[in-house]
Number of protein chains: 2
Amino acid sequence: MSAVSPSIQRKEREFLAREELIITHARRLLLEKGFQAWNMEELAGAVQYSKGTLYQHFTSKEDLVLEVATDALKQRADLFERASRFQGRTRERCRAIGFACCEFAANCPEYFHIEMMLKSASFWEKASEARRQAHAFQGARCWRAVNHIIVEAMAVGDLPREPYSAEQATFALVSVTVGSHLMVQEPHLRVQAGITDEMMPVRVNQDMVCDGLKWKPFLNEFDYAETDKRIVKELFPNAVNWHQALGG
Amino acid sequence: MSAVSPSIQRKEREFLAREELIITHARRLLLEKGFQAWNMEELAGAVQYSKGTLYQHFTSKEDLVLEVATDALKQRADLFERASRFQGRTRERCRAIGFACCEFAANCPEYFHIEMMLKSASFWEKASEARRQAHAFQGARCWRAVNHIIVEAMAVGDLPREPYSAEQATFALVSVTVGSHLMVQEPHLRVQAGITDEMMPVRVNQDMVCDGLKWKPFLNEFDYAETDKRIVKELFPNAVNWHQALGG
DNA sequence: AGAAATATTTGACTGACGGTCAAAATAGGG
DNA sequence: CCCTATTTTGACCGTCAGTCAAATATTTCT
């Protein structure tokens, strides 16, 4: 192994630092303006580099936005994995993931909007292969965190193996979560459903699915309020947005 | 009241016919290519009119696509309302809506993709006020169809009023349905969850939520297979895509 | 029927933007 | 300090949504 010249190392560092800078500003623009209402020239101005330099880091505007999405998804996966190690019965740990999910949504408000764009094929096509794979990888981590708890719940007998398979159960939880996050963003529906807190419905709907799966202990036979307090205290001591959730 | 000149009437007819033609071709292009991979010139060529003429009908490309989405949403609302008149217990009628939802997804495969675009603010902004309202109206019809059944279920005692309000219950059903439709489209997740039939998971997840809501009769205490046969026979006699759903 | 008035259609044009690349600027090595 | 390699730049290109003045068609009037 030959030593790498220090100037090469420095360049590498600078390159990575610049990439971070670009991503940070892109995230801000996405949050403030969505996808259309800014262009690469504007971003170049914000980071004090020229357009051409941006394209040394990202193959397209879409590639850059996918990177922002994947960064957020990684945070989500990190939170999920931390939550899945919560001490308690399997359904309590599932609940911890529910909180993690809401914590994430509060931290990364831009995420769900971007994820919507990713559903369109043309977006995906314009991104680089490396970034596509990175995104799939972080998505798989999230899936696995939920799936592991469900498999364990079945193993210890908290969750019946019939009539739903572990995969069906995981799919249901993921679906209701994503669907709830989406619907809660819809101003129309918020009015119709009388929603004020954005996070409550997500966890409420997860509860319904868990009860529907016959995941023990059921909502009405266990003091989940106590669990919730523990989750917040142990997993999210610094978060400030759980007052309503805990009825406090 | 003065009589309207026949030539005016004819013009009106021709105008509407042309609008239909444009919408039909736009729908085809959306289905074949998504949103980006075609332009207004191409559409103009397809309908044998010039670009300028298209803009007499629609204020923007987005406005046109919103019209396509709303047409589909109207079909959805029609199916929902028809399904909600199914004869049976409240939960059976809810189930009929589940089938209507899948029938719709089969008929309008382009719909969910377009609906994703509608989540981005810039899209809404470019559409005309009239079409925005039309979309909201059809959306409200769908919501109401579900909500009415739930309100009635609570009135007749099939569905407890506690701990979930009628609005919460409606919101949960809508969320799980949309979420499931979305997730089922994700190739990754289809593999991970081992999904072959695209419609089954949607209805399965609705079942979980209904059970979670304690909507009687529960899945395991009633012969819903019989209900399903009746739903298909009475509501969708011409549909061909229910073999798997009925285990036949 | 023919001319004038009115309505409709058209497609060249504009502006905006994503992406490219040859030239300019900078850094590195001797 | 100069020569070479690397990096940065921004003018330029192609594309496309949307506009509008001119061309064309239709209706009305005499």
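For the numbers below, each heavy atom of this structure counts, side chains included, while hydrogens, waters and symmetry mates do not. Just so we're clear, the structure is a prediction, and the values are computed from it rather than from any experiment.
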Exercise for the section: Determine whether the aromatic ring centres of B:His113 and B:Phe35 lie less than 6.0 Å apart. Expected result: no
Of all the choices, [options], which nucleotide is nearest to the side chain of [X] once you look at every atom?
X: A:Arg10; options: C:dA27, D:dT8, C:dG19; value: C:dA27
X: B:Tyr55; options: C:dA7, D:dT19, C:dT9; value: D:dT19
X: A:Tyr49; options: D:dT9, C:dT9, D:dT27; value: D:dT9

Practice task
Fit a plane to each ring of A:His135 and A:Trp124, take the angle between them on a 0 to 90° scale, and name the class: parallel (under 30°), tilted (30 to 60°) or perpendicular (over 60°).
Solution key: perpendicular
What is the distance from [atom1] of [X] to [atom2] of [N], rounded to the nearest Å?
X: B:Lys33; N: D:dC16; atom1: NZ; atom2: P; result: 10 Å
X: A:Phe58; N: C:dT20; atom1: CZ; atom2: C1'; result: 18 Å
X: A:Phe35; N: C:dC17; atom1: CZ; atom2: C1'; result: 11 Å
X: B:Asn39; N: C:dC17; atom1: CG; atom2: P; result: 18 Å
X: A:Met40; N: D:dT15; atom1: CE; atom2: P; result: 20 Å
X: A:Gln36; N: C:dA16; atom1: CD; atom2: C1'; result: 11 Å
X: A:Phe123; N: C:dG18; atom1: CZ; atom2: C1'; result: 13 Å
X: A:Glu42; N: C:dA16; atom1: CD; atom2: P; result: 13 Å

Exercise for the section: Check whether the side chain of B:Lys51 and the base of D:dG18 form a donor-acceptor pair under 3.5 Å. Expected result: yes
Practice task
Please check if the side chain of B:Arg203 supplies one atom and the backbone of B:Gly98 the other of a donor-acceptor pair under 3.5 Å.
Solution key: no
Practice task
Determine yes or no for a side-chain-to-main-chain donor-acceptor pair under 3.5 angstrom, with B:Asp63 supplying the side chain and B:Phe58 the backbone.
Solution key: no
Handout entry: Lys/Arg N to Asp/Glu carboxylate O, A:Glu42 vs A:Lys33, below 4.0 Å
Key = yes
Practice task
Tell me which of A:Glu62 and B:Gln56 sits closer to the 5' end of DNA chain C, going by the nucleotide each one is nearest to.
Solution key: B:Gln56
Exercise for the section: Indicate, with a heavy-atom threshold strictly under 4.0 Å, whether A:Glu41 touches base, sugar-phosphate, or nothing. Expected result: nothing
Practice task
Give A:Thr59 one of three labels, base, sugar-phosphate or nothing, depending on what nucleic acid heavy atoms sit under 4.0 Å from its own.
Solution key: nothing
Practice task
Look at B:Ser50 and C:dT9 and indicate whether a side-chain polar atom (N or O) is within less than 4.0 Å of OP1 or OP2.
Solution key: no
